[in-house]
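Structure first, then comments.
Scope of the values below: all heavy atoms of this structure, side chains included, with no hydrogens, waters or symmetry mates. Each chain gets a letter, A, B and so on, in the order the sequences are listed, and its residues count up from 1. Since the model is a prediction, treat every value here as computed from it, not as a measurement.
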Number of protein chains: 2
Amino acid sequence: MKTLDLKESIGLLLKTSAKTWEKAAEMELSERFGLAGSKWKIIVALSLKEGITQKHIADMVFVEAPTLVPIIDRMEKEGYLTRQADPKDRRNNLIFMTQKSKKIVDPMIDCILEIRNMGLNKISKKDMEIAKKVLTQIVGNTEEFIRQKGENTDPDIWTDLQNKSQKTLVKL
Amino acid sequence: MKTLDLKESIGLLLKTSAKTWEKAAEMELSERFGLAGSKWKIIVALSLKEGITQKHIADMVFVEAPTLVPIIDRMEKEGYLTRQADPKDRRNNLIFMTQKSKKIVDPMIDCILEIRNMGLNKISKKDMEIAKKVLTQIVGNTEEFIRQKGENTDPDIWTDLQNKSQKTLVKL
DNA sequence: ATATAATCGTTAGTACACTAATCTTTATTA
DNA sequence: TAATAAAGATTAGTGTACTAACGATTATAT
């Protein structure tokens with residue numbers, strides 16, 4: 001019976017680093033701003049562009065549209081944002097920030113940058129560039145594979161970001 | 001109001017690569033072996049060591065013990081494994097593979113290695129080594145941070161693996 | 001122009017992961 | 001030894017994702 005050499009498992013390493021990173025962000029941002037889960041990401045998304053549709057936010061924070069519905073419901077009740085019907089296209093709900101959320105954008109972004117510095121401590125710029133290149137290539141390879149297998153990758157999100165698309169994405 | 005430079009977002013990159021990678025593995029392994037989610041990981045775990053406790057498996061596949069209960073239930077019903085009471089310690093359920101699962105271990109591992117090669121296509125050994133070093137450092141930094149914040153990181157899983165602990169982990 | 005497609009928000013249903021709490025059994029310790 | 005703590009499996013409850021399907025609205029196509 002064959003066996004896997006786990007120290008070569010890039011999948012394990014990817015998962016571990018993504019998960020640990022997210023946990024740190026989660027802890028810090030929910031403690032300091034009371035915004036857990038996707039909430040703070042939604043606010044960051046809106047700080048980049050207000051008055052966008054729920055679908056657009058979903059793309060930016062990397063979840064499907066239905067996932068966002070109850071979250072936006074709650075955030076609206078809590079006074080962080082408002083839904084407004086789009087007069088140009090009545091299918092759309094346009095989402096806007098309230099004063100309450102606008103006030104916390106700056107400290108929140110500071111907080112995010114702190115976390116980023118902490119996570120990247122003791123890593124040289126040069127190595128980091130290489131790591132980013134490698135990860136980008138991995139995403140490219142894997143999306144290519146998924147696409148060939150039929151399953152249409154949703155609008156090739158990462159590549160999209162690289163190309164400075166107007167659809168900016170949010171995730172720490 | 002401040003703004004985040006998303007192209008510098010290592011968090012986004014980590015999440016994207018981990019997610020895409022996992023999706024590819026998921027597609028391939030569920031299509032070829034009908035084993036979705038954690039199921040194939042459990043079999044890989046058992047191929048490394050049989051007769052281990054559910055807790056041990058949970059650690060290996062990176063989930064909490066309760067998450068595994070219904071999954072092992074189903075896999076037992078489907079004939080992939082069996083629970084056996086530990087005569088030495090009656091708290092433990094020891095998990096064993098059946099013939100059915102033993103038979104698919106080798107092709108499954110081949111499949112995993114294929115995916116790994118696909119994902120790492122066009123990436124040089126040297127760059128990959130650097131990327132791994134960087135990711136490991138990130139995990140280290142972040143776990144350190146989480147630990148300081150109180151929240152005890154569960155037994156420092158990744159470091160554990162590096163140290164060739166007997167607790168081997170499974171994740172592609 | 002009218003029929004057909006596609007899109008946004010939503011609901012419903014499912015799956016999965018987590019935490020907290022419970023039961024049983026084993027370890028510790030006073 | 002008796003009391004207390006700890007550990008494995010489980011249940012219950014919650015949160016969060018996802019897909020599939022629907023209604024309303026807008027775009028496309030014949």
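Computed from coordinates, the B:K23 NZ to D:dT19 C1' distance equals 12 Å when rounded to whole Å. Separating the CG atom of B:L68 from the C1' atom of C:dA15 is a distance of 15 Å, rounded to the nearest angstrom. Regarding B:R74, its CZ atom lies at a distance of 17 Å from the C1' atom of D:dT10, rounded to whole Å. Atom CD of B:Q54 is separated from atom C1' of D:dT11 by 13 Å (rounded to the nearest Å). Rounded to an integer number of Å, the gap from CG of B:N93 to P of C:dC23 is 18 Å. Distance CZ (B:R90) to C1' (C:dT25): 7 Å, rounded to an integer number of Å. One can place NZ of A:K55 at 17 Å from C1' of D:dT26, the figure rounded to the nearest angstrom. One interatomic measurement links the two molecules: CG of B:D89 to P of C:dC23, which rounds to 19 Å at whole-angstrom precision.
Contact between the side-chain N/O atoms of B:N92 and the OP1/OP2 oxygens of C:dT24 is not found at any separation under 4.0 Å. The phosphate of C:dT10 has OP1 or OP2 within less than 4.0 Å of a side-chain N or O from A:R83. Phosphate contact (OP1/OP2 of C:dC18, side-chain N/O of A:K19, threshold under 4.0 Å): present.
Side-chain atoms of A:Q54 do not come within 3.5 Å of backbone N or O of A:V69 as any donor-acceptor pair. Counting only distance, with no hydrogens or angles, the side chain of A:T53 and the backbone of A:H56 share a donor-acceptor pair below 3.5 Å.
Nearest to the side chain of A:V63, among C:dA17, D:dT10, D:dA17, sits D:dA17. Checking C:dT10, D:dA9, C:dC8 against the side-chain heavy atoms of A:T53 singles out C:dC8 as nearest.
With the nearest nucleotide of DNA chain C identified for both A:P66 and A:R91, A:R91 has the one nearer the 5' end. The 5' end of DNA chain D is approached more closely, in terms of each residue's nearest nucleotide, by B:P70 than by the other of A:S38 and B:P70.
The pair B:D59-B:K55 meets the salt-bridge criterion, since a charged nitrogen lies less than 4.0 angstrom from a carboxylate oxygen.
Base pairing annotation: C:dA5 forms no Watson-Crick or G-U wobble pair, as no partner gives both donor-acceptor distances under 3.5 Å. Of all nucleotides present, none satisfies the Watson-Crick or G-U wobble test against D:dT26 with each distance under 3.5 Å.
In terms of heavy-atom proximity, B:T142 sits nearest to A:G119 at OG1-CA, 4.3 Å.
Residue-level contact check: B:T67 touches the bases, meaning some heavy atom is under 4.0 Å from a base atom.
Note that CG of A:N141 and OG of B:S17 are 12.0 Å apart. Values are rounded to the nearest 0.5 Å.
Nucleotide D:dA5 is shown with an anti base, its glycosidic torsion being more than 90° from 0.
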